[in-house]
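We count ligands from 1, going down the list as the structure has it; atoms in each ligand are counted the same way.
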Amino acid sequence: VTRWLELTADYRCNNACIGCFSVDQNGPSMSSREVAEALLAGRNMGARFLWLGGGEPTLRKDLFTTIARAKTAGYERIKLQTNGMLLSYPEFCDRLLKAGLSEVSFSIKGAGPETHDRLTQTPGCHALMVKGIAEARARAFELSGDLLIYAENAAELPEMVKRHAAHGLTHFDVWLFSAADRPELADRVPRISDVMPHLLAAMDAFPNITSLHTPACTVPESHHRALFFPAELELRVENPGGHGFMLEASPIEGGQYLASCARCRFRPRCGGLRADYLRIHGEGEFSPI
Ligand code: SF4
């Protein structure tokens with residue numbers, strides 16, 4: 001079953017986030033025709049919702065055409081995943097609205113410019129994103145935040161949520177940095193047990209938070225509303241070159257289980273553990289429920 005189609009049309013980006021595995025300025029790219037075909041193929045597979053990812057999808061010249069085509073093809077929700085910089089231009093947001101966009105998810109890496117701009121390696125990026133959030137809010141898009149947590153920004157998590165919720169974001173997804181492709185960045189992969197107190201504090205202040213890389217056995221039952229089960233999103237990723245896969249098959253989502261997981265009542269739904277996480281931090285934090 002496919003409910004969401006996530007389209008990665010290419011990997012170009014105007015940020016240079018530390019350790020990003022999804023950016024390649026000279027990498028493969030879908031033509032506009034291939035994008036249009038992928039949209040129709042997604043609908044034929046049953047997808048009703050579209051997620052425009054990347055790379056940075058706002059850099060594509062065919063973005064507005066793609067959104068309009070998706071709308072015509074019958075996608076009910078059309079979500080843009082972005083660093084938000086180009087949304088700071090009012091006319092850019094006007095065109096998104098006119099094309100039929102419904103939602104924007106902003107990629108956030110710090111509570112304020114100091115951390116965000118350092119981790120994106122793009123001075124001024126946070127200020128532009130905040131302006132982009134204001135422009136998007138003025139057009140009544142549904143707004144959410146993707147919070148990428150490194151070892152060094154984990155303690156900012158509650159403040160990241162608080163400040164950006166004040167700008168109008170209504171839901172947050174927390175991701176833990178993966179060093180799957182970059183072993184030299186292993187010391188930036190946060191330990192779940194170090195992140196957890198900050199995640200709980202953020203959730204106690206703001207309820208709408210989902211945490212994607214913290215399996216059930218690492219989250220207190222009182223906060224299980226944060227749990228995320230990749231297969232239940234029913235999301236298919238389409239990358240350039242006709243490379244498509246369901247989200248739960250992605251190595252950065254998990255897929256590894258311990259022998260003891262067989263005894264866990266969450267095993268049928270749990271997305272498992274990332275191989276890079278187990279290599280770096282070991283198995284000690286996980287035990288069957
Ligand atoms: S299946 Fe394994 S990793 Fe998942 S919640 Fe249970 S013990 Fe934790």
Closest protein heavy atom (residue, atom, distance) for [atom]:
atom: atom 5 (S) of ligand 1; result: Cys217 N, 3.5 Å
atom: atom 6 (Fe) of ligand 1; result: Cys264 SG, 2.4 Å
atom: atom 4 (Fe) of ligand 1; result: Cys270 SG, 2.4 Å
atom: atom 2 (Fe) of ligand 1; result: Cys261 SG, 2.3 Å

Could you check whether Glu114 pairs with Arg118 (Lys NZ or Arg NE/NH1/NH2 to Asp/Glu carboxylate O, under 4.0 Å)?
no
Arg95 bridged to Glu91 by N-O distance under 4.0 Å
no
Practice problem: Say whether Ser287 and ligand 1 are in contact under the criterion: heavy-atom distance to a ligand atom below 4.0 Å. | Solution: yes
Taking the ring of Phe106 and the ring of His116, is the distance between their centroids below 6.0 Å?
no
Would you please indicate if the ring centroids of Tyr257 and Phe286 are separated by under 6.0 Å? no
Side chains of Val219 and Met196: closer than 4.5 Å at any heavy-atom pair? yes
Counting from 1 in the order shown, the ligand 1 atoms closer than 4.0 Å to a non-hydrogen atom of Pro288 are 7 (S)
